[in-house]
Amino acid sequence: MDGVLIKNLSAHVGEEVTINGWLYNRRGSGKIQFLILRDGTGLTQGVLVKGEKPELFDDAKKISQESSVRVTGVVEENPKSPGGFELQVNNIEVVSQTEDYPVTLKEHGVEFLADRRHLWIRTPKQSAILRIRSEVEMAAHEFFYQNDFIQADAPIITPNACEGTTTLFEIDYHGDPAYLSQSGQLYNEANAMALGRVYCFGPVFRAEKSKTRRHLMEFWMIEAEAAYFNNEDNMKLQEEMVSHIIKRVLKNRSAELEVLKRDTSKLEAVQLPFPRLSYTEAVELLQKKGHEFNWGDDFGAPDETVISEEYNAPVFIHRFPTNIKAFYMKPDPDDENVVLGADLIAPEGYGEIIGGGQRIDELEMLEQRLEEHQLPKEEFEWYLDLRRYGSVPHSGFGLGLERLVAWICGLEHVRETIPFPRMLYRMHP
RNA sequence: UCCGCGAUAGCUCAAUGGUAGAGCAAUCGGCUGUUAACCGAUAGGUUGUAGGUUCGAGUCCUACUCGCGGAGCCA
């Protein structure tokens, strides 16, 4: 493919180049027109003057919104053009003419856009979000590699529930029931005993009928697990990762954050270390602020928002009551009523973005927990083997990619952070 | 699953129980530096579905469908 990407136009001033893209919009008067072009890397404009090329000028007038075009012209610097550079057009090849494009540049409602998600993602705001999502993903991979983690992906089809609590999507596995994974954690633990420090990154599925701005039925989770890490090591790893991701997005995606009108001072304010609050301290904070809350209850979304508003960085809440957490969470030796785990709550009311903790490494205690949670022991024999053969203290966490991206982008809803969201009552297109 | 709100032109929205309208998009025309360009004209409707109240229903009532927001659960 010949051509230059719009984001690289600044390196070609004075040269004739070809942009391979689509007609985003057209403006102009009777004698001059501006073709606003997009190619996925940005926007620029092609300029046509009637007096110079009357035939090309008239042909260009017939090109409709979102037609695919290859536009050739000479690059000039111009502050009035989107991106600061424009093309003095010499030739246009219409690759495909579009008829009746449904998504206009004016206002649309959520339902209309969601039904046309495959076209909605072409708009500047949506493509900016998706570029930031990609940047977050790359930053996470980069962070893990810099810290000697190996990517070891977990299976998506699983024979049983990971934690036995959440509702699962059931599938027919050649006659046997199987389930779409809600977490790669148990497999991560096995991989960590083999490779030391591992992470997996993939889609997970929750069939629960959650209907809020923070929930998807299918979402992407970055999960890490490290042998010989205690809960403190684990929290340190998490805050360094989140900090690394934010720094890289600020550095490489400032143009996209600007398209989203994101107040980046909120992101720049995030400093290490993140504040740490025990569950008990968090309960006291809520009570002090006049909220009714009893020790032993789990936090709801409004409670998380109240706590997060106290800080301008994500905040860890650690040592939750043992009986509201998953079966594999290790009790604190100093207080068996609480576990060595922590949730990371994002600022500005975005809620929990990470859940993690130290895992039970003693065989007997884990067997007892499986029984208490009424989980089928035979399905977990392989998991118990990890405690039989060379068990070590280990910790890990899972980060919800969409919630992190929603916070970084300052979005109202996680549905815009993934190209094709799967939500309660909506899985088209 | 529960609570609340909504559905009118392609889109975004108006319309005291009394002739369904505007902006944008579309189509046609005008305009030599536009920035969701602008200006003029044309066309565009079984008011989500079914029933009810009324002389008369977009408007009031009932049911249903679909959507949105929130709760719970979680990331």
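Only heavy atoms go into these numbers, but all of them, side chains included; no hydrogens, no water, no symmetry mates.
- Geometric assessment of Arg276(A) against the ring of Phe274(A) yields a negative cation-pi assignment under the 6.0 Å and 45° thresholds.
- If you check every strand for non-hydrogen atoms under 4.0 Å, Leu404(A) touches nothing.
- Comment: Arg133(A) engages Glu402(A) in a salt bridge, judged by a side-chain N to carboxylate O separation of less than 4.0 angstrom.
- Looking at Gln33(A), its side chain has no donor and acceptor atom pair within 3.5 Å of the base of U32(B).
- Among the nucleotides G67(B), A71(B), G33(B), the one closest to any side-chain atom of Glu111(A) is G67(B).
- Within 4.0 Å (heavy atoms only), Asp100(A) reaches no atom of the nucleic acid at all.
- Between the CG atom of Leu424(A) and the P atom of G69(B) there is a distance of 11 Å, rounded to whole Å.
- The side chain of Arg426(A) contributes an N or O atom lying less than 4.0 Å from OP1 or OP2 of C68(B).
- Of the candidate nucleotides A37(B), A75(B), C11(B), C11(B) has the atom nearest to the side chain of His108(A).
- Counting any heavy atom pair closer than 4.0 Å across all strands shown, Phe112(A) reaches sugar-phosphate atoms only and no base atom.
- A donor-acceptor contact under 3.5 angstrom links the side-chain atoms of Glu86(A) to the base of G33(B).
- Nucleic acid contact for Lys211(A): base, since at least one base atom lies under 4.0 Å from a heavy atom of the residue.
- When each of Leu344(A) and Ser81(A) is assigned the nucleotide of RNA chain B bearing its nearest heavy atom, the one mapping closer to the 5' terminus is Ser81(A).
- The residue Gly351(A) sits apart from the nucleic acid: no heavy atom pair falls under 4.0 Å.
- Rounded to the nearest Å, the gap between the P atom of U46(B) and that of G58(B) is 13 Å.
- With both ends at atom P, the span from U8(B) to G45(B) equals 15 Å, rounded to whole Å.
- Taking 4.0 angstrom as the limit, His413(A) places a side-chain polar atom (N or O) nearer than this to OP1 or OP2 of G69(B).
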As a quick check of understanding, evaluate side chain to side chain contact (heavy atoms under 4.5 Å, CB included) for Glu15(A) and Val75(A), giving each step before the final call. CA-CA 6 Å; Glu15(A) 296 172 31; Val75(A) 181; 5.5 Å; no
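- The Ser29(A) side chain lies nearest to C31(B) when the options are G33(B), C31(B), U1(B).
- At a cut-off of 3.5 angstrom, counting only N and O atoms as typed in the model, there is a donor on one side and an acceptor on the other between the side-chain of Ser210(A) and the base of C73(B).
- Among the atoms of the strands shown, base atoms are found under 4.0 Å from some heavy atom of Leu105(A).
- In this structure, Asn25(A) and Glu304(A) both approach RNA chain B, and ranking their closest nucleotides by distance from the 5' end singles out Asn25(A).
- In the set G33(B), A71(B), A75(B), A75(B) carries the atom at the smallest distance from any side-chain atom of Met221(A).
- Note on Arg248(A) versus Glu135(A): salt bridge recorded, some NZ/NE/NH1/NH2 to OD/OE distance being below 4.0 Å.
- Note: CZ (Arg403(A)) to P (C73(B)) measures 12 Å, nearest angstrom.
- Both tests do not hold together for Arg116(A) against Trp120(A): distance to the six-membered ring centre under 6.0 Å, angle to the ring axis within 45°.
- Distances shorter than 4.0 Å separate none of the side-chain N or O atoms of Arg26(A) from OP1 or OP2 on C38(B).
- The side chain of Ala301(A) lies closest to A71(B), out of C11(B), A71(B), U34(B).
- Only the P atoms considered, A25(B) is 7 Å distant from C38(B), to the nearest whole Å.
- Taking atom CD1 of Ile32(A) as the reference point, atom P of U34(B) lies 9 Å away to the nearest angstrom.
- Comparing the P positions of G6(B) and U62(B) gives an interatomic distance of 13 Å, to the nearest angstrom.
- When distances run from any side-chain atom of Lys209(A) to the nucleotides U1(B), U35(B), C31(B), the shortest one goes to U1(B).
- Considering all non-hydrogen atoms of both residues, Arg214(A) and Val414(A) come closest at C-CG2, 3.8 Å.
- OP1 or OP2 of G69(B) lies within a sub-4.0 Å distance of a side-chain N or O belonging to Arg415(A).
- Of the N and O atoms on the side chains of Glu142(A) and His244(A), at least one donor lies less than 3.5 Å from an acceptor on the other residue.
- Residue Arg116(A) places no side-chain atom within donor-acceptor reach of the base of C11(B), judged by atom type and a 3.5 Å distance cut-off alone.
- Here the separation of G72(B) from A15(B), taken at their C1' atoms, is 40 Å to the nearest Å.
- Distance Glu402(A) CD to A75(B) C1': 9 Å, rounded to the nearest Å.
- Side-chain nitrogen and oxygen atoms of Arg27(A) include at least one within less than 4.0 Å of the OP1 or OP2 phosphate oxygen of A37(B).
- Note: CD (Gln65(A)) to P (A25(B)) measures 10 Å, nearest angstrom.
- Between the side-chain ring of Phe34(A) and the base of G33(B), no stacking contact exists by the 5.5 Å and 30° definition.
- Using a 4.5 Å heavy-atom cutoff, the side chains of Phe229(A) and Phe397(A) are not in contact.
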